[in-house]
Amino acid sequence: MGFFDRFSDYFSNDIAIDLGTANTLVYSKSSRDIILDEPSVVAVQKNYRGMQSRVLAVGKEAKDMLGRTPGTIVAIRPIKDGVIADFEVTQSMLKYFISKSTGQQKSFIRPRINICVPYGITQVEKKAVKESAMSAGAREVYLIEEPMAAAIGAGLPIAEPIGSMVVDMGGGTTGVAVISLGGIVFCKSIKVAGDKLDEAIINYVRRQFNLLIGERTAEQIKIAIGNAYPFEKSRSMTIKGRDLVAGAPKTIEITSEQINEALKDPLTEIVDAVRTTLEKTPPELASDIVDNGIVLTGGGAHLHNLDVLIRERTGLPVTIAENPLTCVVMGSGKALEDLDLLKQVSTD
Ligand code: ADP
Ligand code: MG
């Protein structure tokens with residue numbers, strides 16, 4: 001490593017970014033901590049003064065506008081299903097988060113940025129992510145795939161000749177991956193995750209109670225009394241919505257057993273993805289997983305008793321990572337601190 005490299009490594013404010021479907025987090029190497037944690041949402045005004053569209057707000061501010069916007073303003077989640085649906089909006093979001101993070105750091109050397117991207121995004125999408133980071137002021141950009149970052153963040157022995165399995169359940173996608181010797185041996189990514197659970201709650205409440213509720217309410221119900229496997233003692237919650245028959249606001253009581261029922265189908269799909277992955281795993285690695293078990297990361301790992309359900313359906317030990325929501329960004333941050341590891345685990 002030459003003098004400039006060592007110098008810039010020391011003085012620059014390198015960052016790692018978890019560009020999630022629900023949340024974007026930024027880790028700073030110099031602060032050794034997470035310096036930004038905001039929803040991956042952009043509020044866009046359409047056809048503003050003859051222009052195509054204009055970004056009004058990004059992150060927290062934009063999420064508060066979700067479902068509450070007048071006709072001309074739309075709140076967009078640009079990577080909702082784990083694919084970059086809207087390049088331009090993704091780029092403005094990424095640039096905004098990068099300048100917000102590097103702006104607070106005041107370094108005169110441009111940062112090296114390690115960005116974590118959904119598993120299996122296309123070459124074109126990767127290039128778009130890289131380019132937006134470069135134009136936001138990066139000196140160098142590395143891309144790392146989500147399941148790999150999650151596994152590093154969860155403290156799994158990814159560099160060893162040992163099979164590890166991580167199930168990263170985010171907002172838009174659930175990634176089930178087997179990792180060994182610093183590489184992803186097999187990964188299955190399905191578009192069934194937190195958002196689909198919210199949708200399932202909305203549909204259930206509509207069917208059972210003729211009540212219309214919004215996405216935010218559904219998410220609140222999921223977090224409060226959602227469960228993948230019944231609680232020992234039933235829980236309940238009072239929810240408000242719009243009566244589909246009378247058209248007026250209405251309040252009902254909903255129980256944890258009902259939510260369990262509502263979540264059955266999407267959760268079965270997730271369990272099936274885990275089972276398929278186990279079937280496709282080479283025998284030596286599968287036997288490591290039988291011994292070491294499965295680790296759950298991502299916001300979905302917080303769903304009550306998800307570990308119990310997966311344990312029951314696979315017969316394998318299942319643990320929840322210490323901080324499921326920050327595993328990916330912490331794993332990308334760890335790679336940032338070790339250039340050899342970064343080069344080994346990054347993707348082109
Ligand atoms: P992404 O990586 O796709 O941005 P995250 O890992 O940040 O997603 O997880 C976001 C998802 O986790 C959302 O669907 C959110 O509703 C869900 N989530 C967060 N906390 C909980 C909780 N306590 N119980 C169930 N789901 C949760
Ligand atoms: Mg994620």
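All ligand and atom numbering here is 1-based and tracks the order in the structure. Computed from heavy atoms alone, side chains included, the values below leave out hydrogens, waters and symmetry copies.
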Open item on the list: Would you compute the distance between atom NZ of K250 and atom CG of L212 and round it to the nearest 0.5 angstrom?
Closed with: 11.5 Å
[atom1] of [X]: more than 12 outside heavy atoms within 6.0 angstrom?
X    : atom1 : value
R275 : CZ    : no
K188 : NZ    : no
K240 : NZ    : no

Task: Protein residues having a heavy atom less than 4.0 Å from any atom of ligand 1 - done: G20, T21, A22, N23, G170, G171, G194, E219, K222, I223, G298, G299, G300, H302, L303, L325
TODO: Compute both the distance and the angle, then confirm whether R235 meets the cation-pi test with F231: under 6.0 Å from the six-membered ring centre, within 45 degrees of the axis.
DONE: yes
Open item on the list: Whether the T238 and T251 side chains hold a donor-acceptor pair (N or O, under 3.5 Å, no angle test) is what I'd like checked.
Closed with: no
